[in-house]
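Just so you know, these numbers come straight off a predicted model, no measurement behind them. Order of the sequence lines fixes the chain letters, A, B, ..., with proteins taken first and strands second; residue numbering starts at 1 for each chain.
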Amino acid sequence: MTTLKKRAELPQENNRAKPAAFPVILIGGLLLLIAGMAVSIAYGATTIDLNTVWDAVIHYNPELPQHQVIWDLRLPRVVGSVLVGAAFAVAGALMQGMTRNPLADSGILGLNAGAAFVLAFCYSYFPGLAFSYLMMYSFLGAGIAAGIVYGIGSISRSGLTPLRLVLAGSAVSALLVALSQGLAIYFQIGQDLAYWYAGGLSGIEWAELRIMFPWVAVAFIAAMTLSRSITVLSLGDDVAAGLGQRTWLIRLAGIGVVLVLAGASVSIVGSVGFVGLIVPHAARYLVGMDYRRIIPCSAVLGSLLMLAADLGSRRINPPLETPVGALLALIGIPFFLYLARRKGVDN
Amino acid sequence: MTVLGILIAVTFIISMNTGFIRLLPMDVMRTLFGMGTEDQSLILFEFRLPRIIISVLAGAGLAVSGCIIQGITRSPLADPGILGINAGAGLMVVLFISFYPTREVVPVFMLPVLALIGAGLASMLIYTLAYQKHRGLSPTRLLLTGVAVASGISAAMIVLTLKFDPNQYQFVATWLAGTIWGSNWKFVLALLPWIIVLFGYVFYKARVLNILNLGEQTPTGLGLSVEKDRRLLLLSAVALAGSSVAVSGGIGFIGLIGPHLAVRLVGPRNQALLPASALVGALLLIISDTLGRSILQPSELPAGIIVAVIGAPYFLYLLARAK
């Protein structure tokens with residue numbers, strides 16, 4: 001009974017459900033998202049006025065250079081950052097719910113490094129591999145990293161404390177990054193790899209989005225289907241088992257969804273961390289502990305964060321782009337420190 | 001201990017033989033006594049020998065530093081990298097290269113000093129962030145803060161390195177991955193005094209470190225001024241690791257594994273543990289550097305990568321076993 005109580009207290013951000021907040025955030029967030037996308041398309045190396053943007057979306061005229069810039073460069077970039085932001089955030093929300101660990105995030109737990117390592121391997125040995133294969137390999141890489149990190153957790157007797165999970169994640173990351181570095185130095189592809197690794201949104205193409213979209217869409221639907229069970233799981237294994245839940249099955253499905261979301265995102269933008277860490281906390285704070293609400297809110301807020309970060313990355317130091325991953329790390333780290341300082345983690 | 005000493009000697013000799021140009025053991029012997037050809041003595045005395053000595057010193061420094069940090073935090077998973085030493089040193093090196101006006105070869109003798117300053121600053125930052133007024137220094141918070149600050153610093157480094165030209169980038173990438181690049185007697189002379197002085201102090205304080213291992217209450221009960229000793233020891237750990245990293249690049253994991261292997265060999269008493277850690281660390285780094293030079297000839301793999309490939313699985317194993 002005591003362990004049960006302690007565990008239930010861990011994610012105690014805000015236990016009161018706020019029914020009114022959910023539709024407000026969802027609808028308001030979506031409206032804000034559309035406005036943000038328009039602004040993000042308009043502001044680039046050259047500013048294009050919003051009428052032209054609208055015009056290009058409605059009646060695309062391939063003769064006009066501005067329309068071309070919008071269709072071929074800016075639109076895929078914006079759609080990509082929205083998708084990726086949502087995917088990282090939902091992956092983080094699922095991981096935090098399943099592990100009851102406030103510090104869980106695909107970057108901190110080494111999944112991003114795993115996907116990135118496999119991609120570095122592909123760049124080195126099979127340059128010019130089709131994107132659809134790259135994405136599959138990226139799932140595989142994230143899966144290997146997750147397998148190792150969770151394997152460590154399940155071997156040890158005292159289970160996965162937040163501290164242990166973070167340390168296992170950072171060791172797995174260190175190993176995979178070292179291997180990637182080895183490849184990069186040996187094949188002298190370091191700088192290309194570093195740019196992509198830092199989170200580059202600039203090179204996103206429609207073709208990539210077309211391949212990525214169905215995966216992410218299915219993963220979102222799966223996440224929503226799981227959401228009720230995740231809520232129960234987030235109360236602790238004892239409660240979940242008591243309610244007749246097959247915890248291992250839900251966890252397995254959840255991990256599968258996380259791998260697809262993180263892997264697909266990393267294969268498009270590189271290793272961008274901290275979105276999955278911050279956003280679910282914000283969502284929980286706003287709408288309470290029910291994952292049926294947390295997951296859609298995380299998706300919307302994640303998209304907004306990514307969109308803002310992308311806009312920031314282009315406006316901070318024009319015409320150069322600041323890597324989005326670095327920008328998000330600078331926002332995310334103080335937040336991580338704040339979470340780490342709180343009592344819940346000390347265990 | 002004797003066994004370790006012999007192992008080091010053997011590796012030392014093997015390491016002198018291997019490299020881009022192989023020297024037969026007999027040639028090495030002859031050259032050592034001044035009877036080799038000019039080429040042979042050039043390779044041996046000017047390139048290989050200083051590099052091997054640097055890896056012995058740096059490996060020992062890192063391992064002893066790790067031993068102190070593990071003792072003070074009472075966490076078997078701590079190491080100098082956790083205190084941000086590699087990250088801080090790396091950031092200073094990257095900053096220096098990005099602001100250094102010419103695209104010529106970097107004035108290498110500035111780098112160790114800068115790396116040391118960077119290591120010190122980063123550890124101060126982590127210490128300050130992790131310290132809480134009423135509860136002191138909790139090992140958990142130190143580890144988590146270290147992870148966070150290190151990842152922040154690497155984000156900053158990535159931003160800076162993107163503007164580099166390929167040569168600069170290759171240099172920095174190799175440095176960060178941990179190459180024994182100080183293959184020059186001047187670096188040996190620069191590192192040696194640090195190691196000697198700090199080893200002297202730390203070995204002298206071995207008994208205090210034993211007591212600090214026991215936890216907060218006992219040392220205060222025994223009348224030691226815990227906080228002062230702890231700070232001084234932590235400071236020497238930072239200086240040891242910082243100066244080692246300065247000449248050897250960002251090598252992680254030796255500070256973690258070295259002490260653990262040493263505990264297996266000689267037990268937890270610091271009077272024996274500290275010297276044993278030094279020997280194990282030295283051995284590990286020579287082996288890694290020698291392997292790095294010989295696996296992928298003619299190109300070289302940084303020793304740090306080999307250490308990580310061996311070290312990270314070991315770390316995970318420790319993590320799985322720790323209670």
Minimum heavy-atom separation for Leu175(A) and Ala308(B), please, with both atom names.
CD1-O, 3.6 Å

Distance in Å, Ser151(B) OG paired with Phe336(A) CZ, rounded so as to fall on 0.5 Å steps
7.0 Å

Contact part of Ile148(A) toward chain B, heavy-atom cut-off under 4.5 Å: side chain, backbone, both or neither?
side chain

When every non-hydrogen atom of Ala148(B) is compared with those of Leu337(A), the smallest separation belongs to CB-CD2, 3.8 Å

Only pairs of heavy atoms separated by less than 4.5 Å count here; which of Ala329(A), Gly182(A), Gly107(A) has the most with chain B?
Gly182(A)

Show, in sequence, the C-alpha distance, side-chain angles and deciding distance for Ile333(A) and Val149(B), and conclude whether the side chain to side chain contact (heavy atoms under 4.5 Å, CB included) test is met.
CA-CA 7 Å; Ile333(A) 284 158; Val149(B) 170; 5.5 Å; no

Determine the minimum heavy-atom distance between Leu316(B) and Ala171(A), stating which atoms define it.
CD2-CB, 3.9 Å

